[in-house]
J.: 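Before anything else, here's the structure in question.
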Amino acid sequence: MQAQIKQRLEQIVNNIGQLPSMPDVAGRVVTMVGDPDVAFNKVSEEISKDQAITTNVLKLCNSAYFSRGKEISSIERAAVTLGLKEVKDIVVVAATKSLLDKEIIGYDLAKGELWKHGLAVAVLAKNIANLKNYKDIADIAFTGGIIHDVGKTVLALYVQSAFKEIVETVEQKQITFQLAEKEIMGFDHQEIGEKILQKWSFPHILRDIVRYHHEPENAPEESKLIVSIVHIANTICLMGGIGIGSDGLYHQLSDEAIKAVGMKDAELENIYANLPDVIDQVSAIQ
Ligand SMILES: [Fe+2]
Ligand SMILES: [Fe+2]
């Protein structure tokens, strides 16, 4: 069975057409907002071309989490009131919801759990970036948080059929679920996620977040900080039981990531203790 699974996954990964897609507008907006000189009206024009996304974006702009108590009635207003980076994050939420807000069978995640996990990691990663004064990358921390586990949507079906072997490997070799996943199936959800982001034409920094969120120490130097922020947010959410599935309860914070972000023990403890606030913030995104 193993050989068949490996072969099938290789086919999927090598045939970009088989990977999940999402509205083109999201890839274009993410790239546009990465350019500091982009004009407000160019971005709002781009969003307005997609009627379905526009409707959802406006709804999210008026959610308790994103709105600043002001009613937002157009994309142009949203860009001025919230700023382009915030609008870009909202577009990503709107564009990825249908892909991530579903049952992820092999990982034992009920409908909505992977979505809530992504949103919680997004909110927490953004909070950490702001706390440590990396405000200019707080929006990237948010986008990266939403999509960091996107590879699970593809791998899930195969994890289901190889589940017994993966768990046996975890027990026999005393390794993490991620390592066993890679050993049995030839791929892990990080690699598949990276391929999905390539298909979506997402920028390199986001691909690095998806690829290295479980091993920030191996991230390229230029993206180590942002990868570390998302790694810490993801690990703390998992330790707090947000998005725990078949990959178990054992999740370790990377010392190198803690150092890269400059997190103090007291700050980490404080974040963990305040996870219920993150859940409240997630509930305010709808
Ligand atoms: Fe992950
Ligand atoms: Fe995760």
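One-based numbering, in listed order, for ligands and for the atoms of each. Just so we're clear, the structure is a prediction, and the values are computed from it rather than from any experiment.
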J.: Report, as a single number, the protein N, O or S atoms less than 2.8 Å from the Fe ion (ligand 2).
T.: 4
J.: Would you list the atom pairs, donor with acceptor, under 3.5 Å between side chains in residues 37-45 and any protein atom, with sequence neighbours excluded?
T.:
from	atom 1	to	atom 2	distance (Å)
S44	OG	F40	O	3.0
S44	OG	N41	O	3.4

J.: Side-chain donor-acceptor contacts of residues 78-87 below 3.5 Å, not counting sequence neighbours, with atom names and distances?
T.:
from	atom 1	to	atom 2	distance (Å)
T81	OG1	R77	O	2.7
K85	NZ	D136	O	2.9
E86	OE1	K126	NZ	3.2
E86	OE2	R68	NH2	3.2

J.: By salt bridge (charged side-chain N to carboxylate O under 4.0 Å, His left out), which residues pair with D89, not counting sequence neighbours?
T.: none
J.: Report the relative orientation of the aromatic rings in H189 and H213; use parallel for angles under 30°, tilted for 30 to 60°, perpendicular for over 60°.
T.: tilted
J.: Is E10 close to M185 at the side-chain level, that is, under 4.5 Å between some pair of heavy atoms?
T.: no
J.: Would you say the side chains of E217 and S254 form a donor-acceptor pair under 3.5 Å?
T.: yes
